[in-house]
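Naming convention: chains lettered A, B, ... in sequence-line order (proteins, then strands); numbering from 1 in each chain.
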There are 2 protein chains.
Amino acid sequence: MANNKYQFFVFIYMNEQNYPEFTGLELSPRKADYLKFIFEKKGTVKTTEISSCLQVDPSTTSKTLTELATAGYLNHVLYRGVDLTEMGMEYAEFLVRRHRILSLLFTHYGLSTEEACAEVSRFEAFVSRDAVNKICNSMGHPMVGVCGEISHEKCIHEGHYH
Amino acid sequence: MANNKYQFFVFIYMNEQNYPEFTGLELSPRKADYLKFIFEKKGTVKTTEISSCLQVDPSTTSKTLTELATAGYLNHVLYRGVDLTEMGMEYAEFLVRRHRILSLLFTHYGLSTEEACAEVSRFEAFVSRDAVNKICNSMGHPMVGVCGEISHEKCIHEGHYH
DNA sequence: AAATTTTTTGGAGTCAACCCAAATTTGTTT
DNA sequence: AAACAAATTTGGGTTGACTCCAAAAAATTT
């Protein structure tokens, strides 16, 4: 058929699995919340779950999910739920790392874990990947944030990660 | 007259000159830009000046100025210009301090002055006064930011402070 | 299969930030 | 001082992000 070469291209692309082009500023704070929640849940997530956690009407969630799917972060099977695409997974990992690095950073300056977490949740979406990487590097790539092995249940409920 | 007591109240209030109730999250990033620019200019500032610096239509500036005046940050004399109220002055001082503390902080983690400044400009509006005070305290209230005695001309032009 | 629940769609509102065009005021020139 | 030019404001309108409500559609439960 005529589109064999396109299939080939997609194959190569998927196999390399790197999307190094993102700046970290692609998603609004709200959209990032959606993505982080879905990431945290692992596997398929239903609209209602997200709605009740993020405290918005299901119709709002449904529309946002469509947008995130269109942008390539999610697979959305209508009436069934969403899960992360490979890109979404990679991006969500960045989102969580960013949150944790910045939270850890702030706890080094007199903020409690909770304060740092809350503070960072407000602005993290505007910190670039480059900056996060530099900070991360400078901190020696800490494996344990202010929240390492802590259960994230509570955090998820409050809309941020510890 | 009937409103003597109100005048008296206002007198006391103005004389105490403290507005300790702000969280630091009152102004949007954009509004904060306006306030910082006006602060930097010292004295009365004209609409055109702000417009050309912030790269927006004068009509946009005019409307924003009205909003900032209504909120109590500016004195706005129609067709003449604006200057900071006492509250506006106090708030602008906080805005600049916040910018500089955060920029200084980021330069300690591998970002250049310019990178830190640009990065911080994007998110500073979402960092609370409490957090800034804690960080400031923890850093020993540094008198010199990454920009202490540097002329701020260039910075103003780029929309941020060094 | 019918009833109930979940999800989506259609329609619409709010809010911040923006621009254009027209009106108003100020400043400048003759 | 009148006329013109420049700056400022006002009126009206757009966009994008986020939101909700009501109705339709699909899935699940009974």
To the nearest Å, how far apart are A:Ile50 CD1 and D:dC18 P? 15 Å

Short N-O contact, A:Glu26 and A:Lys31, less than 4.0 angstrom: no

Mind calculating the distance between CZ (B:Arg30) and C1' (C:dC19) to the nearest angstrom? 13 Å

Would you classify B:Thr47 as touching base, sugar-phosphate or nothing, given that sugar-phosphate means primed atoms plus P, OP1 and OP2, and contacts are heavy atoms under 4.0 Å? sugar-phosphate

Toward the 5' end of DNA chain C, by each residue's nearest nucleotide, B:Val56 or A:Glu49: A:Glu49

Give a yes/no on whether any side-chain N or O of B:Ser28 is located under 4.0 angstrom from OP1 or OP2 of C:dA17. yes

Quick one: side-chain hydrogen bond (donor to acceptor under 3.5 Å, both in side chains) partners of A:Ser128, sequence neighbours excluded? B:Glu119

Value in whole Å for how far the P atom of D:dT9 lies from CG of B:Asp57: 12 Å

Tell me the interatomic distance from A:Leu54, atom CG, to D:dT19, atom P, rounded to whole angstroms. 8 Å

note: B:Phe126, atom CZ; C:dA16, atom P; distance rounded to Å ~ 12 Å

Between C1' of C:dT8 and OH of A:Tyr79, the distance in whole Å: 4 Å

Would one find a side-chain N or O of A:Lys31 under 4.0 angstrom from OP1 or OP2 of D:dC18? yes

From CZ of A:Arg80 across to P of D:dA27 the rounded distance in Å is 5 Å

Quick one: is A:Ser62 getting a side-chain N or O under 4.0 Å of the C:dT8 phosphate, OP1 or OP2? yes

I need the NZ-P distance between A:Lys63 and D:dG16, as an integer number of Å. 16 Å

For A:Lys46 and A:Tyr34, take the nucleotide of DNA chain D holding the closest heavy atom to each; which residue's nucleotide lies nearer the 5' end? A:Tyr34

Scanning both residues in full, the closest heavy-atom pair of B:Val132 with B:Val127 reads CG2-CG1, 3.9 Å

Would you please indicate if the ring centroids of B:Tyr73 and B:Tyr34 are separated by under 6.0 Å? no

I'd like to know if B:Ser59 reaches the base of C:dC20 with its side chain such that a donor and an acceptor end up less than 3.5 angstrom apart. yes

B:Phe123 and A:Phe123 aromatic centres sub-6.0 Å: yes

